[in-house]
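Beneath this line is the structure, given in structure tokens, with notes to follow.
FYI, side chains are in, hydrogens and waters are out, and symmetry mates aren't considered; it's all heavy atoms of this structure. Just so you know, these numbers come straight off a predicted model, no measurement behind them.
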Amino acid sequence: MAESLGPRLYSCYNCRNHVSLHDDIISKSFQGRSGRAFLFSHAMNIRVGAKADRHLITGLHTVADIYCGDCGELLGWKYERAYEASQKYKEGKFILEKAKIAKENW
């Protein structure tokens with residue numbers, strides 16, 4: 001019989017601190033600073049930086065960089081505010097860059 005490993009997780013690529021659950025992925029079709037990125041509904045064990053307005057591919061957003069809560073590695077950002085109505089669904093969600101996270105329990 002197969003052994004249960006628990007939930008599939010994503011962790012910081014640098015220190016393996018768990019930062020999100022696979023089940024919390026909303027989309028894998030986002031672009032980060034270093035390439036492909038995933039949009040998550042929740043993140044854990046992170047530190048949220050200062051808010052700033054940024055012009056992204058989809059328009060102006062207020063975002064805050066997010067860092068690993070253990071090692072401080074920059075992992076992505078949190079959408080705090082979207083100025084365009086079509087982008088409001090991103091508010092309160094998290095971008096984790098694929099290059100900055102590793103799979104756990106797969």
Side-chain angles (χ1 to χ4, degrees):
M1 184 152 92
E3 184 178 324
S4 175
L5 296 174
R8 293 190 299 174
L9 302 164
Y10 287 95
S11 61
C12 171
Y13 83 105
N14 189 50
C15 72
R16 297 295 194 237
N17 175 34
H18 296 163
V19 294
S20 196
L21 298 171
H22 174 73
D23 290 345
D24 289 336
I25 290 179
I26 296 171
S27 175
K28 293 183 177 181
S29 303
F30 278 72
Q31 186 68 29
R33 291 180 189 95
S34 61
R36 211 164 136 204
F38 302 156
L39 181 68
F40 286 85
S41 59
H42 299 93
M44 58 188 163
N45 302 320
I46 59 162
R47 186 173 46 82
V48 180
K51 296 177 188 177
D53 286 341
R54 287 195 196 140
H55 289 279
L56 303 174
I57 294 170
T58 55
L60 181 63
H61 296 80
T62 301
V63 299
D65 286 338
I66 57 174
Y67 303 88
C68 175
D70 281 352
C71 73
E73 182 70 33
L74 176 62
L75 301 175
W77 64 85
K78 180 180 180 184
Y79 285 103
E80 297 289 352
R81 182 175 178 201
Y83 290 89
E84 295 185 28
S86 65
Q87 302 300 307
K88 291 285 187 187
Y89 75 96
K90 296 177 184 175
E91 291 181 344
K93 309 295 190 299
F94 300 85
I95 288 289
L96 293 173
E97 298 200 38
K98 186 178 179 194
K100 301 290 186 115
I101 56 177
K103 295 177 179 179
E104 301 279 340
N105 293 337
W106 290 66

For [X], the rest of its hydrophobic cluster, which grows through side-chain links under 4.5 angstrom:
| X | value |
| --- | --- |
| M44 | L9, L21 |
| F30 | I26, L39, L56, V63, W77, Y79, Y89, I95 |
| Y67 | L74 |

Atom NZ of K88: over 12 foreign heavy atoms under 6.0 Å: yes
Listed partners of T62 passing side-chain hydrogen bond (donor to acceptor under 3.5 Å, both in side chains), at least two apart: D53, Y83
Distance under 6.0 Å and angle within 45° of ring axis: K100 vs Y13: no
How long is the straight-line distance from [atom2] of [Y] back to [atom1] of [X], given to the nearest 0.5 Å?
| X | Y | atom1 | atom2 | result |
| --- | --- | --- | --- | --- |
| E104 | R8 | CD | CZ | 13.0 Å |
| E73 | N14 | CD | CG | 5.0 Å |
| H42 | K93 | NE2 | NZ | 8.0 Å |
| D70 | N45 | CG | CG | 6.5 Å |
| F94 | I46 | CZ | CD1 | 4.5 Å |
| K90 | K78 | NZ | NZ | 15.5 Å |

Donor-acceptor pair, side chain of E80 and main chain of A64, under 3.5 angstrom: no
Donor-acceptor pair, side chain of N105 and main chain of P7, under 3.5 angstrom: yes
Side-chain touch L75/C12, heavy atoms, less than 4.5 angstrom: yes
W106 with I25, same ILVMFWY side-chain cluster at under 4.5 Å: yes
Partner set under ring-ring contact (aromatic ring centres under 6.0 Å, His included) for F40, not counting sequence neighbours: Y10
side-chain contact (heavy atoms from CB on, under 4.5 Å), paired with R16, selected from S11, C71, C68: S11
Pairing residues for R54 by the salt bridge (charged side-chain N to carboxylate O under 4.0 Å, His left out) criterion, not counting sequence neighbours: D65
